[in-house]
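A quick write-up on the structure given underneath.
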Amino acid sequence: MDADVFKVAKKLLGKFLVTNFNGIITSGMITEVEGYNGEIDSASHAFKARRTQRNEIMYATGGTAYVYICYGIHHLFNVITNEKDIPHAILIRSIEPVENIDVMMKRRGKKKLDYALTAGPGALSKALGIHIKHNGELLYSNLIWIEDRGVKIHSRKIVSTIRVGVEGAGRDARLPYRYIIEGNKWITRTPK
DNA sequence: CGACCGATCGTCT
DNA sequence: GACGATCGGTCGA
């Protein structure tokens, strides 16, 4: 929980996102994130304080998972970061796979191990088994959590770019709120 | 490689 | 009734 969603977003790089479903642990190191600055961010689901059934969880206390479905198919995983009623969110966009990679490949229907296994928010959710039913899950639960394993990402290695897929988001569409680990190959393409 | 396009359905107007 | 905080396949160079 922190007042500055972008500071938290950068801190999440190098942390490990872990799931434990049906006794199987899968995990990866976070390599790409995007910050969504609540009610004043025209690319955020909570823009203009529009509170709906879908985005209600964004108003929960920091440390809660916000999962929603995009394009009818993909489950996108976000971390809520602020106090109750302040809808700041961080979209986890890519991870570098670490534990039980074979399970993740099976979930994704992949035969080759490459960046596509866990690059992109829909892809990593599928690989980790994250589902819409985990919306509202607490990230200090025993199902989904974030671990610090001592990996330090120096601020010089953090690159910011515009966010992906928000071209039509209006005023804030081109703000540099996407953060990636420089040189890491486990990330999606950078938009123009 | 890059560009394009169809899939697919919950959510909001 | 329209439209996504996307993905993966195909096509052409």
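Note that this is a predicted model, so its numbers are computed, not measured. The chains referred to below are lettered A, B, ... by the order of the sequence lines, with proteins before strands, and numbering in each begins at 1.
- Counting only residues at least two apart or on different chains, the ring pair (Phe, Tyr, Trp, His ring centres under 6.0 Å) pairs with a member in residues 74-118 of chain A are A:His75-A:His131.
- Only one option out of A:Ile130, A:Asn100, A:Leu17 pairs with A:Thr26 in a side chain to side chain contact (heavy atoms under 4.5 Å, CB included); it is A:Asn100.
- Along DNA chain C, read 5' to 3', the first and last nucleotides having any atom under 4.0 Å from a heavy atom of chain A are C:dG4 to C:dG8.
- Ion pair A:Asp85/A:Arg51 flagged as a salt bridge, since at least one NZ, NE, NH1 or NH2 atom sits closer than 4.0 Å to an Asp/Glu carboxylate oxygen.
- Considering only residues two or more places apart in sequence or on other chains, A:Glu39 meets the salt bridge (Lys or Arg N to Asp or Glu O under 4.0 Å) condition with none of them.
- Between A:Tyr36 and A:Tyr177, a ring centre-to-centre spacing not shorter than 6.0 Å is recorded.
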(message) Could you write out DNA chain B as dot-bracket? Rules: Watson-Crick or G-U wobble, both distances under 3.5 Å, brackets [ ] for crossings, | for pairs with another strand, dot for unpaired.
(response) |||||||.||||.

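- Comparing A:Lys110 and A:Leu91 along DNA chain C, the residue whose closest nucleotide (by nearest heavy atom) sits nearer the 5' end is A:Leu91.
- At a threshold of 4.0 angstrom between heavy atoms, the contacts of A:Leu76 are confined to the sugar-phosphate backbone, with no base atom among them.
- Taking the 5' to 3' direction, DNA chain B first and last meets chain A under 4.0 angstrom from a heavy atom at B:dA3 to B:dT13.
- The closest side-chain donor-acceptor pair between A:Ser94 and A:Thr31, if any, does not fall under 3.5 angstrom.
- Counting non-hydrogen atoms under 4.0 angstrom, A:Ala119 reaches the backbone sugars and phosphates but no base.
- Checking A:Ile132 against A:Tyr71, the closest nucleotide of DNA chain B that is more toward the 5' end is the one next to A:Tyr71.
- Among the protein residues, A:Arg54 comes within range of the sugar-phosphate backbone only, with heavy atoms under 4.0 Å from sugar or phosphate atoms but none that close to a base.
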Please set out all donor-acceptor pairs under 3.5 angstrom arising from side-chain atoms of residues 158-165 of chain A, sequence neighbours excluded.
from     : atom 1 : to       : atom 2 : distance (Å)
A:Thr161 : OG1    : A:Arg178 : NH1    : 2.9
A:Arg163 : NH1    : A:Gly35  : O      : 2.9
A:Arg163 : NH1    : A:Asp41  : OD2    : 2.7
A:Arg163 : NH2    : A:Asp41  : OD1    : 3.1
A:Arg163 : NH2    : A:Asp172 : O      : 3.2

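- Looking at heavy-atom distances under 4.0 Å, A:Ala89 makes no contact with the nucleic acid at all.
- Looking at heavy-atom distances under 4.0 Å, A:Arg189 makes no contact with the nucleic acid at all.
- When each of A:Glu147, A:Glu99, A:Met104 is checked for a side chain to side chain contact (heavy atoms under 4.5 Å, CB included) with A:Ser27, only A:Glu99 meets the rule.
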